[in-house]
K.L.:
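Pasting a structure here, questions to come.
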2 protein chains.
Amino acid sequence: MTRELGGGRTASGVVGRPTVHDVAREAGVSLATVDRVLNERPGVRKVTAQRVADAMERLGYQRDMAAANLSKRRHYRLVFILAAGTNSFMHMLRDAVSGTASFTSADRIELETILVPPFDGPALAAALDRLDTSRIEGVAMVATDAPEVRDAIARLVAKGIHVLTLVSDAPTSKRAKFVGVDNVVAGRTAAGLLGRCCPLPGRIAIVMGSSLLRDHVERRLGFETVIAREYPHLTCLSPIEGRDDSETVARLLSARLAADPEIVGIYSLGAGNGGIVQALRQRQGQRRISVVVHELTRSARTALIDGTFDAVINQDAGHEVRSAVRILKSLIDGRPTFDAQEKISIDIFMRDNLP
Amino acid sequence: MTRELGGGRTASGVVGRPTVHDVAREAGVSLATVDRVLNERPGVRKVTAQRVADAMERLGYQRDMAAANLSKRRHYRLVFILAAGTNSFMHMLRDAVSGTASFTSADRIELETILVPPFDGPALAAALDRLDTSRIEGVAMVATDAPEVRDAIARLVAKGIHVLTLVSDAPTSKRAKFVGVDNVVAGRTAAGLLGRCCPLPGRIAIVMGSSLLRDHVERRLGFETVIAREYPHLTCLSPIEGRDDSETVARLLSARLAADPEIVGIYSLGAGNGGIVQALRQRQGQRRISVVVHELTRSARTALIDGTFDAVINQDAGHEVRSAVRILKSLIDGRPTFDAQEKISIDIFMRDNLP
DNA sequence: CAAAATCTGATGTACGTTCATCAGAATGGA
DNA sequence: TCCATTCTGATGAACGTACATCAGATTTTG
């Protein structure tokens, strides 16, 4: 009925978690030796090191990171590399980083944001190479999946920097982990929603930002797979590349809608929700088009309320940033990460569950 | 393009965040006085205290909690009070607590779980009164919304214990905060989903656990409101109280389904998903019934895959527990909580986005 | 077997905070 | 003005760890 944690005894015999003193006593060595083992300093024979390791094992010793960091005067310096530009989701990410920063500073974690031009592999790679690797220990970036970027990541990792991809992955790079939603699943979900909203046969317009962005490619893949398999009365048109820019999206989508009167649904898997709304509004009052988009931006929210959009698939920027921070800290501390706990889930918003 | 945090200088003039020493110097008082102010110890004139407060303000002093806790040998001892019984969601909560415990122990946070009989206000109140208030500083409970519980919470709060409600609230109690989803919204969402899945007129069966549980009551409210307003072709039947028990749910729901052939949809807002599946399976192959339930349990997952359920509304037990821990820690430390960040969102699962 | 090389122990300081103690200063009242 | 009260300062030990130094022990090498 009751579960307790902790145990062991300190040097003074009082109950509490074991300290280096306990380990030293248990292993029959001095504090200095335990310290050398713990911090992988030279000058300890293998046998002795093993004795110490065994003692730590036996006692269930866990190094007190707070005390260690205090002593080391350590600061975790993390860098977030995000895309510049006006797109709403990136703004939300930026805000999430600065919002998180004010909290993590209490834990000696400092966050810095660097903006790079969007859709630009070389620029991102250059920014990575420009990082002062002696001052930072972790990087989280919204990756462009380009060869230069993969190489730059490899260089960082080689220098001992811990690297994460955020929101959009570079799967074949050396990044330690990816923090973000499963974008194939996101695309599948969108298909399930849009499929149910389009009972009549017709065509689906797909709007994406760039096929350089892994997340967009994956969403499209998931979407088209499910539409083809489960909603045979619907056909996907070749995607419009709106470069995550509302103006461009509005222009290209308007043209597409004008050209093809058989479009019954729109799936926008990138940014530029405002452009979708604009294009739909321009259109003469014909048959209703069902719409599923990504990211709960301001325009998406109002479009949901007034019925222009049917559903919005969202990823919580705050969750993602905090998760990235936690993971980077764990990596830096050399602690295991609890992956199940860091999975970022997909939020579906409709009119009735708007927050 | 770049944002940095931190600043100030230490006693030694090196850059870093300000310490008590800096505050003392800035205020022109001794370390001891700063300490007295900081820890609200007696023996400081109001004017002096103000001088110190001003200095802290000017320097942007932030107490280093890690160092403080180290010095104080502080352990955060938190208690989670959950409902006993076999229901899957409670199991997930229990697992979430023990899973979280292994991580928080690195931060000197110890979690203990206490189980109480479900739907039993007096039992919960008794458990609260039985807590050793000298050993713990925070409590999170799945509340039964009963007067005894409210009183017991008030007694705890009076003793300086920080109290949270988890998953199910007791809104008129003295609990500091509620951690869980907005259950009215959850009910509304369910209605939106079920409404779209039931195009033909008919009746909706509602299955709940107990009207003593605030979360169930709120979900029902949200659900019935939206159905009445937006789906006039559907009528809600009076709820079945299945006491969150699969057997009971199966029995009562089978009877209801047999008695009323016009049921086109089921909304189960409590536990006992297995019972729903069972009742539907027993039924002779008549017209399909659409189903929306809560919590992604094992049986809900398989039912989603085989098409028995249309959608599952889920709350992430892990998120909730971790959020509760963070909030309790902030309360104990006397730090502000970032509420926007602690909002628990509602997950909607359909066949296509199962994790 | 002695000298050189390597390993280990003892010790002290530091990190930023808490807490206790004691002496001394400022304040208030008579 | 003097004494009793408050207030304030100085100091030192502690929390658990990191890191440096030096002396002494042990092992390895020639």
Side-chain angles (χ1 to χ4, degrees), chain A residues 6 8-25 27-52 55-56 59 61-76 105-108 333-334, chain B residues 6 8-25 27-52 55-56 59 61-76 105-108 333-334:
Chain A
R9 60 173 87 186
T10 67
S12 54
V14 186
V15 174
R17 31 190 280 183
T19 73
V20 275
H21 293 87
D22 302 291
V23 175
R25 205 161 14 76
V29 301
S30 79
L31 213 56
T33 301
V34 174
D35 180 64
R36 292 194 255 257
V37 173
L38 214 46
N39 296 288
E40 293 166 316
R41 258 188 289 272
V44 179
R45 267 184 308 170
K46 275 210 276 291
V47 271
T48 318
Q50 191 54 54
R51 278 235 309 279
V52 174
M56 297 199 301
L59 291 160
Y61 171 76
Q62 267 196 245
R63 178 209 227 114
D64 183 331
M65 275 299 170
N69 289 340
L70 173 61
S71 171
K72 275 204 275 231
R73 279 215 216 128
R74 153 169 255 177
H75 293 252
Y76 299 82
S105 68
D107 301 321
R108 305 183 127 72
D333 288 345
Chain B
R9 59 174 85 186
T10 67
S12 54
V14 185
V15 173
R17 30 190 281 183
T19 73
V20 274
H21 294 87
D22 303 292
V23 175
R25 207 162 13 76
V29 301
S30 79
L31 213 56
T33 301
V34 174
D35 181 62
R36 292 193 256 256
V37 172
L38 214 46
N39 295 288
E40 291 166 318
R41 261 190 286 273
V44 180
R45 267 184 309 172
K46 275 208 280 288
V47 271
T48 317
Q50 190 56 50
R51 277 233 310 279
V52 173
M56 297 199 301
L59 291 155
Y61 171 76
Q62 266 197 248
R63 175 208 231 119
D64 183 333
M65 275 300 167
N69 289 339
L70 174 60
S71 171
K72 277 204 272 232
R73 274 216 207 116
R74 151 165 254 170
H75 292 250
Y76 299 82
S105 69
D107 301 320
R108 303 184 129 72
D333 288 345

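Quick note on labels: first sequence line is chain A, next is B, and so on, each numbered from 1.
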K.L.:
Could you state the CG-C1' distance from B/Leu38 to C/dT18, rounded to the nearest angstrom?
P.N.:
10 Å

K.L.:
Can you work out whether A/Val44 or B/Ser71 has the more 5'-proximal nearest nucleotide on DNA chain C?
P.N.:
A/Val44

K.L.:
Side chains of B/Tyr76 and B/Asp333 only: does a donor on one sit below 3.5 Å from an acceptor on the other?
P.N.:
yes

K.L.:
Taking only side-chain N and O atoms of A/Ser30, does any of them lie within less than 4.0 angstrom of OP1 or OP2 on C/dG9?
P.N.:
yes

K.L.:
By nearest nucleotide on DNA chain D, pick out whichever of B/Pro42 and B/Arg108 is the more 5' one.
P.N.:
B/Pro42

K.L.:
Find the distance A/Asn39:CG to D/dT17:P and express it as a whole number of Å.
P.N.:
11 Å

K.L.:
Once you round it to whole Å, what is the distance between P of C/dC15 and CG of B/Asn69?
P.N.:
19 Å

K.L.:
Taking the side chain of B/Thr19 as its heavy atoms from C-beta onward, which of C/dG16, D/dT17, C/dA10 lies nearest to it?
P.N.:
C/dG16

K.L.:
Tell me what B/Ala32 touches on the nucleic acid: a base, only sugar-phosphate, or nothing, going by heavy atoms under 4.0 Å.
P.N.:
base

K.L.:
Assign each of A/Met65 and B/Thr48 to its nearest nucleotide of DNA chain D by heavy atoms, then name whichever residue's nucleotide is nearer the 5' end.
P.N.:
B/Thr48

K.L.:
Nearest to the side chain of B/Thr33 - C/dT18, D/dA18, D/dT8?
P.N.:
D/dT8

K.L.:
Please pick, from D/dC15, C/dC19, C/dC15, the nucleotide with the shortest atom-to-atom distance to any side-chain atom of B/Leu70.
P.N.:
D/dC15

K.L.:
Take the protein atom CZ of B/Arg41 and the nucleotide atom P of D/dG9, then report the distance between them rounded to whole Å.
P.N.:
15 Å

K.L.:
So, are A/Asp64 and B/Arg108 salt-bridged, with charged N and O less than 4.0 Å apart?
P.N.:
yes

K.L.:
Could you state the CG-P distance from B/Asp35 to C/dG16, rounded to the nearest angstrom?
P.N.:
15 Å

K.L.:
Could you state the interatomic distance from CZ (A/Arg45) to OG1 (A/Thr33), rounded to the nearest 0.5 Å?
P.N.:
10.0 Å

K.L.:
Atom CD of A/Glu40 to atom P of D/dC19: distance rounded to whole Å?
P.N.:
12 Å

K.L.:
Quickly, which of A/Val37, A/Val44, A/Asn39, A/Leu38 forms a side-chain contact (heavy atoms from CB on, under 4.5 Å) with A/Arg41? Name it, please.
P.N.:
A/Asn39

K.L.:
Rounded to whole angstroms, how far apart are NE2 on B/His21 and C1' on D/dG12?
P.N.:
12 Å

K.L.:
Would you say B/Arg36 places a side-chain N or O within less than 4.0 Å of OP1 or OP2 belonging to D/dC7?
P.N.:
no

K.L.:
Would you please name every residue forming a side chain to side chain contact (heavy atoms under 4.5 Å, CB included) with A/Ala68, sequence neighbours left out?
P.N.:
A/Arg63

K.L.:
Find the distance B/Arg45:CZ to C/dA26:P and express it as a whole number of Å.
P.N.:
10 Å

K.L.:
Of the nucleotides D/dG16, C/dT17, C/dG9, which has the atom closest to the B/Arg73 side chain?
P.N.:
D/dG16

K.L.:
Look at the side chain of B/Arg17 and the base of C/dG16, then say whether one donor and one acceptor between them are separated by less than 3.5 Å.
P.N.:
no

